[in-house]
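Beneath this line is the structure, given in C-alpha cells, with notes to follow.
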Amino acid sequence: MPSPALPEKRWSIDLEKSIQEAHYADNALYTQRYAFNPDSGKEIFVIDTPPPYPSGTWHIGAVAQYSMIDVIARSQRLLGKEVYFPWGVDRNGINIEFVVERNTKRKMKTYDRAEFLELCRTTIEEFTEAMRHTGKRVGLSCDYDREYLTDAPDYRSVTQSIFVELFKKGDVIEDLRPNIYDPVEGTTIADAEVERLPRKTKLVDVRWTCEDGTELVISTTRPEMICACGVVVVHPEDERYTHLVGQKVALPLETNGREKTVNIMTHPSVKSDFGTGILMVCSFGDQNDVAVFRELGLTPFQAIDLDGKMTDVAGPFAGMKVIEARNAAIEALEIQGDLVQAVERNQDIPVSERGKNPVEIILLKEWYVRQTHIQEKMKEHVDEIEFHPPRNRQFLLDWMDNISIDWPISRRRWYHTEIPIWYSEDNSKVIVPPSGTYVQPWRESPPSGSRVLDRVTREDLGSYDDLEADLGLVTGEEKVFDTWMDSSNSNLFVSGYLNHPEVFEKAFPTAFRPQGKEIVRTWLYYTLLKSTLVLDQPGFKHVWIDGLGMDPWGRKMSKSLGNGIDADSVLECGAGGRTGSWKVKGPDKTVSLRANKIGSECFRLWKACDAQVGDDFHINPEEIEKKYFGVLTKLFNVARFASQFDVPTNLDEEPKHLEPEDRWILAEFQRTMNSVEAAWSDLDIYTATQGLKTFGTGLLPSHYLEMVKSRLYDEDIAAAWTLHRIVRDFMAAFSPVCPFFTHHISQTVYGHSSVDIDSFPVQAFSEVAAGTEEGLRLCKLSTELQDFNSQVWGAKKESGTSLNQPIQGIVVPESLVEFEGTLTRMHKLE
RNA sequence: GGGCUCGUGGUCUAGGGGUUAUGACGUCGCCUUCACAUGGCGAAGAUCGUCGGUUCAAUUCCGACCGAGCCCA
C-alpha cells in the first residue's frame, strides 16, 4: 500500500499552530490572498466590522462572533467577491482614561491635557497588540496592513468633517439642556456611564401650604431642591387630591429670584402609594423630573452649579455643597415646624461609574445631533436593508419608536475626538476647518482654509484667512465627542468616504454590517442615522445581528459572577500537549471544566454549526471538544485515506466510464454543494456548515468509501478520480469555516490551497447534475442504500460475523440492482 | 417597573396546523483493531415551558402567565 501524501496521523493543535504561523508569516502571500484590491473588477463586498475596544481581555463571545465574520469574509471571497475585511480598533473613550488614572493613581484633570493624551495612547497601544494576536490566533483574514484606529488623525478627521457638514446643514445644534453631570470630576457623562449604588438616605416629610390654607405633606429625599421646584403633581386618578389640582402651593423654604408658589397638576408617572402620593418636581432631581419638565413645558431652574454647589436661587443655602445644603434645609424646616418626620431609608442612588460620585442633572450648553425629524425617512431606509435573522430588525424599530429627544454628542473629556470648532471673540461667529483635516481646537488655531460661519444662521461669511482680523480673539472648543459619534462613521470610513471617493462610489451602501444585538440601539442606530442625515441612503445592504456568548448555564459572563472563560485559553487548549481546565462559578457551585484539545479550527466549527445567527449561545469548552473535534478527525481521516491514492492528472475532466456508485455519490455531492453555495450566498453559515458536515462525516465515508475500497486498492481510475474530486472541492467549500485545516490538506494533496480559490467549485457532472432526472433518481436511492448497508452490518453483528467476513442469505433488493456487484463485493455476500 | 427576544429528550439543536417530531453530544448494551475507538451496530430517553382561546385538527397561530436573556428606567 502506498503511503499517504498527508503524513500526519491526525489533526492536532500543534499542527494547526504551525500552519497558522506560516500563513501569517509570509506577508507577500498574505496580502495577495486577503488584502482589499478595489480595482480587481470583482463585485466589492465591504464588511463594516465592529472595531473592538482594547481593554486587556477580549470577551470569548466577541471572539466567536468575530470568527463568524471571518467565515462570511472567506465565503464571499470563495464566491468571487472582492472582500474588504478591515481590521479596525476602537480606541476613543472613557475606559482608557480610567485605566490611566488607576495605573498612575492620579485624576485626569490634574494632568496637562497633552501629557494625559500621550499616556492614554501608549497604554492603549499595549492592549491593542494583544488583540491583534488573538485576532490572528482565531484565524481572521483581515487586511491588517490597512489597520485603522479610531483615535488616529485620518479616522478622526472623517468624524470632524461629518460634524461640520451636519452643522452647516443645521442638523447639528447647540442648546442648553439637562445633562447628567459628575460634579466631583467636573464632566458630563453618558447614561451608559451611570450605575446605581445602595446608600442610606433620609426620607423627609415636609408640610406645604396651599393658597386656600390646605396643608399637604410631601415626602422627598432631596429637600435642598425645593428651590428648583417647578410643579407639584399627583396621579390623575388619585381621588384624595382631585380637589387640589389647579391650586397654587407655597414653597416651604426661602428662595431667591423666583416666584414663591407653584401649581398643582396631575401626571401619570406619580406613584400614589409612595409617601403621601404627592410629588414635587424639581429641575432636576432625577430623570423623571426631566421628563415632566419637558412634557409640561416648564422652565427649569439652575439650582446646582458646575462645582456641585447651590446657586443663588437656593437663597440662604447658596454656595453650599449639595449635602451641606440638604442638612441645612432639614434643619431650617425643623425650626419652622414644617418637618413632619424624617426616616432613614435604603435607596439606590445614581453615581458615576468612574468616581462613584452621586451625579446631578444640570442644565448645560451642549452639542446635539437632531434626530427626531428624520425618523420616517430612516424607517424607509431600514426597510431596504436585509436583516439576518429577519426578526432582529425589530430591536431597531422598537428603539426608533422610542426616540423622543435629540442626541447629545458633546463630552467634557479628553481622550476622544475634539469638536472641530472655534468661536469669535464676540461669540457671534464660528470657524470650522476644511473637510479632511484633523484639528485640536483646544491647542491649535484654525488651519488655513477654514470657513467662518454665522453661529446662528450658519451662513458662510467667507474664509478664515480673509476674515481673521475681524474676529478678535478666537477661542477653540474644549469639548469632545461622544465615542458613538466616531463609531457611527465606521461604515463610511471603511467604504472610502472622503478618503477614496472612487471606491466609495462602488462600495456604498456598505455590503455587510455584523454586530451583537446589545448595541443595536447605539452602534447600528447611530450609523443608520448618519447615513440618512449625510447621504439620505440606507447604510447597509445586509445587517447581521448575532446573539451573545453566555456561560454554560446561559448567564451573561461577567467578572463579578466569576463565570468568564478566557478566549486565548480555549484557542491554545491542546497546544504543546497542554490540556485546558476552567474553574467556572455555576448557579450552585464552582464547576471544573476540562478539555484536551480545541484550537481555532474546532472553535470556529463549533460556532458555525451549533447555533443559528441571532440566538444567544452557551460557551462550554468541554462540549466544543466533544461535539466537534471528532468531526475534524473524521474529515482529516477521509482526506488522509484518499491521499494514499494517486491524484489523477486532470481532476477537472470527467473520466469516460464511471461506475454506478461513483455516479450516485457525485449526484449526492452535487446536491450538497448546490445547497452549500446557496447558503454561502445567503450569508447562512449554519446551513452551509451543517450540509458539509453531514455529507463529509456520513454518506461519503460510511457508505461511498466502503463501497469503493476494493476498487481503490485495485487502482481503479474512476474511483480515485471521484474520491479526489470530491475531497478537493469539499475542502474548498469548507475552507471558510476551517481555513487552516482545509489549506493544509488541499495544499499537501492537490498542490493548491483551498484559501486561494475565488470561485465556488462548479459541479457539472454529466447526467447526474442536481435537478436532472438521473441526478434526482440517484439521490432517491440514498436512503435505501444506507438502510441496506445498515441492515447488512446489523445482520453481521447479530450473527457474530466480523465485517470483513462473508455472510450468507442476504439479497440486494431490486431497486439497488445497479449496485449489486459493488455491494456483493463490499459486504462479501454469498 | 417598561419594551423586545427566546423557551423542543439529560445537554445543544432542526422543523413546522394533520398519520410513529430532525440531528448531534452524553448515557446504556454489543461489535471491532484491514483510513478512522476521534470507529461501527443497536437501545433507552420529549405530554415540543404552563394555562386558556381559534380550528375538524396545535408542539406549530392568538392571549395570559411562568422562566431565561438583552436594552432601558
Side-chain angles (χ1 to χ4, degrees), chain A residues 1-6 8-12 191-192 194 196 269 271 274 286-288 290-291 348 350 389 391-403 516-522 524-525 545-557 587 596-597 602 605-606 609-612 614-620 622-645 686-687 690-691 693-694 697-698 700-703 705-706 709-710 712-713 723 727 789-805 828:
Chain A
M1 192 192 298
S3 64
L6 274 175
E8 298 85 7
K9 290 203 80 165
R10 53 179 57 88
W11 181 249
S12 70
D191 286 359
V194 177
R196 282 168 185 274
S269 68
K271 291 192 191 86
F274 181 82
D286 59 33
Q287 291 285 3
N288 186 53
V290 175
D348 286 349
R391 65 181 143 83
N392 279 2
R393 181 197 301 270
Q394 200 58 36
F395 290 127
L396 179 65
L397 294 177
D398 289 339
W399 175 240
M400 287 174 61
D401 282 343
N402 285 324
I403 297 293
K517 67 180 180 186
E518 79 283 11
I519 50 175
V520 166
R521 57 178 60 200
T522 48
L524 180 58
Y525 172 76
I545 299 174
D546 207 353
L548 271 20
M550 309 296 227
D551 81 357
W553 301 271
R555 303 169 308 165
K556 192 178 182 175
M557 286 190 188
N596 293 321
K597 47 201 181 309
C602 182
L605 178 60
W606 157 75
C609 270
D610 216 62
Q612 285 274 27
D615 294 336
D616 292 343
F617 50 97
H618 301 184
I619 303 175
N620 183 342
E622 278 186 0
E623 214 159 80
I624 295 173
E625 180 188 28
K626 272 190 298 209
K627 290 174 79 163
Y628 295 103
F629 205 87
V631 175
L632 289 179
T633 305
K634 188 77 183 173
L635 295 175
F636 192 83
N637 272 318
V638 170
R640 186 165 187 270
F641 173 75
S643 81
Q644 68 187 293
F645 307 106
Y686 181 88
T687 303
Q690 286 282 342
K693 181 185 139 207
T694 304
T697 61
L700 179 66
S702 300
H703 300 277
L705 283 192
E706 296 300 334
K709 253 183 196 171
S710 57
L712 287 166
Y713 289 127
L723 177 58
V727 171
N789 286 337
S790 289
Q791 182 204 327
V792 178
W793 289 325
K796 285 193 175 178
K797 191 207 86 173
E798 207 150 299
S799 63
T801 314
S802 104
L803 288 184
N804 56 351
Q805 290 305 306
K828 299 201 167 79

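Naming convention: chains lettered A, B, ... in sequence-line order (proteins, then strands); numbering from 1 in each chain. Below, each value reflects all heavy atoms present in this structure, side chains not excepted, and no hydrogens, waters or symmetry copies.
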Taking [X] for its side chain and [Y] for its backbone only, find out whether a donor-acceptor pair lies under 3.5 Å.
X      : Y      : value
A:D546 : A:G516 : no
A:Q690 : A:T687 : no
A:D616 : A:G547 : no
A:R640 : A:E8   : yes

Suppose you measure atom P in B:A73 against the same atom in B:C62; what distance do you get, rounded to whole Å?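 Roughly 30 Å separates the two P atoms.
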
Same-atom distance (C1') from B:C66 to B:A14, integer angstrom: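 Nearest-Å result for B:C66 against B:A14 at atom C1': 26 Å.
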
Parallel, tilted or perpendicular, judged at 30° and 60°: which one describes the rings of A:F617 and A:W606?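 A:F617 and A:W606: perpendicular rings.
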
Between A:W793 and A:H703, what is the ring plane arrangement, given parallel below 30°, perpendicular above 60°, and tilted in between?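 Tilted: the ring planes of A:W793 and A:H703 meet at 30° to 60°.
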
Distance criterion of 3.5 Å, no angle test: do you see the side chain of A:K517 paired donor-to-acceptor with the base of B:C70?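 When only heavy-atom distances are counted, A:K517 does not reach the base of B:C70 through any donor-acceptor pair under 3.5 Å.
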
Using Watson-Crick or G-U wobble geometry with both distances below 3.5 Å, tell me the partner of [N], or none.
N     : result
B:G18 : B:C56
B:C48 : none
B:U5  : B:A68
B:A24 : B:U11

Tell me the interatomic distance from [X], atom [atom1], to [N], atom [atom2], rounded to whole angstroms.
X      : N     : atom1 : atom2 : result
A:F641 : B:G39 : CZ    : C1'   : 14 Å
A:W399 : B:A73 : CH2   : P     : 7 Å
A:I545 : B:G69 : CD1   : C1'   : 16 Å
A:N620 : B:C12 : CG    : P     : 10 Å
A:H618 : B:G26 : NE2   : P     : 19 Å
A:M550 : B:G67 : CE    : P     : 17 Å
A:Q690 : B:G23 : CD    : P     : 12 Å
A:L700 : B:C36 : CG    : C1'   : 13 Å

So which nucleotide from [options] ends up closest to the side chain of [X]?
X      : options             : value
A:E623 : B:C71, B:G69, B:C12 : B:C12
A:K634 : B:C6, B:A14, B:G39  : B:G39
A:R391 : B:C4, B:A35, B:U5   : B:U5
A:D610 : B:C12, B:G40, B:A35 : B:C12
A:F395 : B:C72, B:U5, B:A24  : B:U5

At under 4.0 Å between heavy atoms, what does [X] touch on the DNA or RNA strands: base, sugar-phosphate, or nothing?
X      : result
A:V520 : nothing
A:Q791 : nothing
A:P701 : base
A:L705 : base
A:Y686 : sugar-phosphate

For A:S790 and A:T522, find the nucleotide of RNA chain B closest to each by heavy atoms; which residue's nucleotide sits nearer the 5' end?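 Its nearest nucleotide lies further toward 5', so the answer is A:S790.
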
Which comes earlier along RNA chain B counting from the 5' end, the contact point of A:R521 or that of A:N392, where each point is its nearest nucleotide?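 The answer here is A:N392.
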
Within-4.5 Å side-chain heavy-atom neighbours: A:K693 and A:L605: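 In short, these two side chains do not touch, never coming nearer than 4.5 Å.
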
Taking OP1 and OP2 of B:C12, is either one under 4.0 Å from a side-chain nitrogen or oxygen of A:K627?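 So the side-chain polar atoms of A:K627 never come under 4.0 Å of the phosphate oxygens OP1 or OP2 of B:C12.
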
